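Just so you know, these numbers come straight off a predicted model, no measurement behind them. Sequence positions, counted from 1, serve as the residue numbers for this chain.
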Amino acid sequence: MSFTVSADTASRVYSWQHGSLLSALEQGLSLITSGMSDVRIVDSEGRSHSPAALYQRLFGGAQPTEQAAQPRARAA
């Protein structure tokens with residue numbers, strides 16, 4: 001299966017091809033973290049997803065940025 005990751009900057013639109021969903025998701029999340037806008041992951045059937053929505057669909061629960069913001073319990 002093929003996945004295309006696309007992202008915008010003020011002057012250009014970038015696009016990368018990936019053979020695996022996880023590598024496309026990893027790059028998509030990384031691009032958002034680096035400040036790129038309109039980051040999308042499109043599968044071979046033409047369905048478009050934001051990296052955060054795709055992460056939640058695959059793994060459920062909180063999105064990666066929400067997980068980092070939540071305090072964690074400490075052992076005594």
Side-chain angles (χ1 to χ4, degrees):
M1 193 169 230
S2 175
F3 299 90
T4 303
V5 178
S6 63
D8 294 349
T9 63
S11 60
R12 286 184 85 170
V13 176
Y14 294 94
S15 180
W16 297 268
Q17 293 284 32
H18 291 273
S20 87
L21 176 60
L22 291 179
S23 67
L25 180 59
E26 180 179 19
Q27 183 179 33
L29 292 170
S30 177
L31 291 170
I32 288 174
T33 302
S34 67
M36 300 281 262
S37 63
D38 196 29
V39 178
R40 305 299 298 167
I41 299 171
V42 181
D43 64 23
S44 58
E45 296 179 6
R47 293 178 295 210
S48 179
H49 309 275
S50 72
L54 190 55
Y55 180 95
Q56 188 171 17
R57 186 173 181 194
L58 290 173
F59 303 110
Q63 295 174 5
T65 54
E66 293 175 6
Q67 288 176 345
Q70 293 177 357
R72 297 184 182 205
R74 293 186 183 183

Asks: Donor-acceptor pair, Ser30 side chain versus Glu26 backbone, under 3.5 Å?
Replies: no
Asks: Which heavy atom in Pro51 sits nearest to a heavy atom in Leu29, and how many Å separate them?
Replies: CB-CD2, 3.8 Å
Asks: Would you name the heavy atoms of Ala24 and Phe3 that are closest together and state the gap between them?
Replies: CB-CB, 3.8 Å
Asks: Tyr55 vs Phe59 aromatic rings, parallel, tilted or perpendicular, using cut-offs 30° and 60°?
Replies: tilted
Asks: Nearest 0.5 angstrom please: Gln17 CD to Ser6 OG, how far?
Replies: 10.5 Å
Asks: Do Leu54 and Val42 sit in one hydrophobic cluster, given that two such residues count as connected whenever their side-chain heavy atoms are within less than 4.5 Å of each other, even indirectly?
Replies: no
Asks: What is the distance from atom CG of Asp38 to atom CD1 of Ile32, rounded to the nearest 0.5 Å?
Replies: 10.0 Å
Asks: Does any non-hydrogen side-chain atom of His18 lie less than 4.5 Å from one of Ile41?
Replies: no
Asks: Between CG of Leu21 and CE of Met1, what distance do you get to the nearest 0.5 Å?
Replies: 8.5 Å
Asks: Under 4.5 Å between side-chain heavy atoms, counting indirect links through other Ile/Leu/Val/Met/Phe/Trp/Tyr residues: same cluster for Val13 and Val39 or not?
Replies: no
Asks: Heavy atoms only: give me the nearest Met36-Trp16 pair and the separation to one decimal.
Replies: CE-CH2, 4.2 Å
Asks: CG/Leu31 to CZ/Arg40 distance, rounded to the nearest 0.5 angstrom?
Replies: 13.0 Å
Asks: For the atom pair CZ (Arg57) and CG (Leu25), what is the distance rounded to the nearest 0.5 Å?
Replies: 12.5 Å
